[in-house]
Every structure is written in structure tokens, then in C-alpha cells.
Amino acid sequence: MILESTNITQEEYDSNKKNDWYFEAQEAVKYGIIDKIITDVNGGIFYEE
């Protein structure tokens, strides 16, 4: 499921699956784990006037 849903290659997954694998925000975008980085919470999902 991870390989089908992200841009992580089989080789990257195999070499890191037994370790704790942390991603910086930009890396998470690069690997397709997240779509974008939200920097303004006022325009996010929970916007209230």
C-alpha cells in the first residue's frame, strides 16, 4: 500500500522499513506522502469567521 500510494521506490522502502524513518516537510511532499504544506491555518479546514 505504501509503494502504491507514494513516490517511494521499492529499493528505498526495503532499505528503510526496519528503521524509524522520519521525513522533513519538503521530503514528505517529494515522496507523495502529503500533497502540500499548509503555512496559514486560517485558510485551512477549520476556518471560522
Side-chain angles (χ1 to χ4, degrees):
M1 183 173 166
I2 292 172
L3 297 176
E4 294 173 5
S5 302
T6 66
N7 300 326
I8 297 172
T9 66
Q10 182 71 53
E11 294 80 22
E12 290 169 323
Y13 178 77
D14 288 343
S15 67
N16 290 292
K17 68 181 176 185
K18 292 183 180 180
N19 304 318
D20 290 335
W21 195 6
Y22 298 97
F23 296 91
E24 300 272 337
Q26 293 295 337
E27 290 177 306
V29 172
K30 173 186 164 189
Y31 285 112
I33 297 167
I34 61 173
D35 295 325
K36 64 180 179 178
I37 301 166
I38 297 174
T39 58
D40 179 12
V41 295
N42 290 325
I45 298 170
F46 301 106
Y47 180 73
E48 295 181 21
E49 293 184 20

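Since this is a predicted model, take the numbers as computed values, not measurements.
I37 approaches Q26 most closely through the heavy-atom pair CD1-NE2, 3.5 Å. Between Y13 and W21, the closest heavy-atom pair is CA-CZ3, 4.2 Å.
Few gaps surround CD on Q10; more than 12 heavy atoms of other groups in view lie less than 6.0 Å from it. Counting heavy atoms of neighbouring residues, nucleotides and ligands inside a 6.0 Å radius, atom CG of D35 does not exceed 12 of them.
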Test log, rule side chain to side chain contact (heavy atoms under 4.5 Å, CB included), inputs I33 and E27: CA-CA 9 Å; I33 297 167; E27 290 177 306; over 6 Å; no

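Summarising the geometry, atom OH belonging to Y22 is positioned 12.5 Å from atom CG belonging to N16; distances are rounded to the nearest 0.5 Å. With rounding to the nearest 0.5 Å, the separation of CD in E12 from CG in D14 is 10.5 Å. Residue Y31 holds its OH atom at 9.5 Å from OG1 of T6, rounded to the nearest 0.5 Å.
At distances below 3.5 Å, not a single donor-acceptor pair connects side-chain atoms of S5 with backbone N or O atoms of I2.
Cluster membership for I34 and I38, using ILVMFWY side-chain heavy atoms within less than 4.5 angstrom, is not shared.
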